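Structure, as structure tokens:
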Amino acid sequence: MANDNTKNANLSLFEPSSFEEGVTIGNQLKSGTAVIVNLHRLQRDDAQRMIDFLTGVVYSLDGTIEKVAHQVILCSPRNVPVSGSINMSAE
């Protein structure tokens, strides 16, 4: 059963094709929504810029950022707890 802090938690999915879409993703995080971002459509440099940008957003929100698959990250603000782990050693 969800507690009062997480019962309204939302999750959005993004598959950006340009770095500029990072602002939209950041705004979702600022509104309290967790996001899963698939970076596979971005060039390598833009994917790294996106990760760096989102890391800053998440840091400012006392949230977390985690790699969940190859080129897929989960960003969560503080109000959306994440439990468990994914072993990425097979990559």
Side-chain angles (χ1 to χ4, degrees):
M1 180 191 316
N3 64 33
D4 288 339
N5 294 332
T6 61
K7 68 180 177 182
N8 294 322
N10 292 316
L11 176 68
S12 292
L13 306 174
F14 290 92
E15 193 173 38
S17 58
S18 70
F19 173 74
E20 289 73 24
E21 294 177 61
V23 173
T24 301
I25 299 168
N27 286 336
Q28 286 290 302
L29 286 163
K30 286 171 46 179
S31 74
T33 300
V35 297
I36 292 178
V37 184
N38 186 335
L39 302 166
H40 84 279
R41 295 176 66 196
L42 294 175
Q43 295 294 319
R44 185 181 191 119
D45 289 345
D46 283 341
Q48 187 59 56
R49 286 179 63 205
M50 182 73 74
I51 291 169
D52 293 345
F53 173 75
L54 293 175
T55 298
V57 173
V58 166
Y59 175 80
S60 71
L61 299 172
D62 292 324
T64 61
I65 185 167
E66 299 178 44
K67 183 175 181 179
V68 294
H70 180 64
Q71 296 186 332
V72 179
I73 57 174
L74 167 64
C75 303
S76 302
R78 176 182 47 217
N79 68 313
V80 181
V82 176
S83 61
S85 63
I86 296 175
N87 183 352
M88 301 301 291
S89 64
E91 285 188 43

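Predicted model only: the values in this text are computed from it and were never measured.
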* Asked: What heavy-atom pair brings Val80 and Ala34 nearest, and what distance separates the two atoms?
  -> CG1-CB, 4.0 Å
* Distance-minimising heavy-atom pair for Ser76 and Val58 -> O-CG1, 4.2 Å
* To do: Apply side-chain contact (heavy atoms from CB on, under 4.5 Å) to Thr55 and list each qualifying residue two or more places apart in sequence or on a separate chain.
  => Ile51, Ile65
Please tell me whether [X] and [Y] are part of a single hydrophobic cluster in this structure, the criterion being side-chain heavy atoms less than 4.5 Å apart.
{"X": "Ile73", "Y": "Phe53", "result": "yes"}
{"X": "Val35", "Y": "Met50", "result": "yes"}
{"X": "Val68", "Y": "Val57", "result": "no"}
{"X": "Ile36", "Y": "Leu39", "result": "no"}

* **With sequence neighbours excluded, residues passing side-chain hydrogen bond (donor to acceptor under 3.5 Å, both in side chains) with Asn38** => His40
* Asked: What residues, two or more places apart in sequence or in another chain, satisfy side-chain hydrogen bond (donor to acceptor under 3.5 Å, both in side chains) together with Asp45?
  -> none
* To do: Evaluate the salt bridge (charged side-chain N to carboxylate O under 4.0 Å, His left out) criterion for residues Arg49 and Asp46: first the C-alpha distance (whole Å), next the side-chain angles of each, then the deciding distance (0.1 Å), finally the verdict.
  => CA-CA 5 Å; Arg49 286 179 63 205; Asp46 283 341; 3.5 Å; yes
Expected list for residues 19-26: side-chain donor-acceptor pairs under 3.5 angstrom, two or more places apart:
from: Glu20; atom 1: OE1; to: Ser18; atom 2: OG; distance (Å): 3.4
from: Glu21; atom 1: OE2; to: Ser17; atom 2: N; distance (Å): 2.8
from: Glu21; atom 1: OE2; to: Ser17; atom 2: OG; distance (Å): 3.1
from: Glu21; atom 1: OE2; to: Ser18; atom 2: N; distance (Å): 3.2

Nearest 0.5 angstrom please: [X] [atom1] to [Y] [atom2], how far?
{"X": "Glu15", "Y": "Gln71", "atom1": "CD", "atom2": "CD", "result": "10.5 Å"}
{"X": "Leu61", "Y": "Cys75", "atom1": "CG", "atom2": "SG", "result": "10.0 Å"}
{"X": "Ser60", "Y": "Lys30", "atom1": "OG", "atom2": "NZ", "result": "8.0 Å"}
{"X": "Leu74", "Y": "Leu54", "atom1": "CG", "atom2": "CG", "result": "11.0 Å"}

* Rest of the hydrophobic cluster containing Tyr59 (Ile/Leu/Val/Met/Phe/Trp/Tyr, side-chain heavy atoms under 4.5 Å)? -> none
* Structure fact -> The complete set of salt bridge (charged side-chain N to carboxylate O under 4.0 Å, His left out) pairs with one or both residues in residues 73-87, sequence neighbours excluded, reads Asp62-Arg78
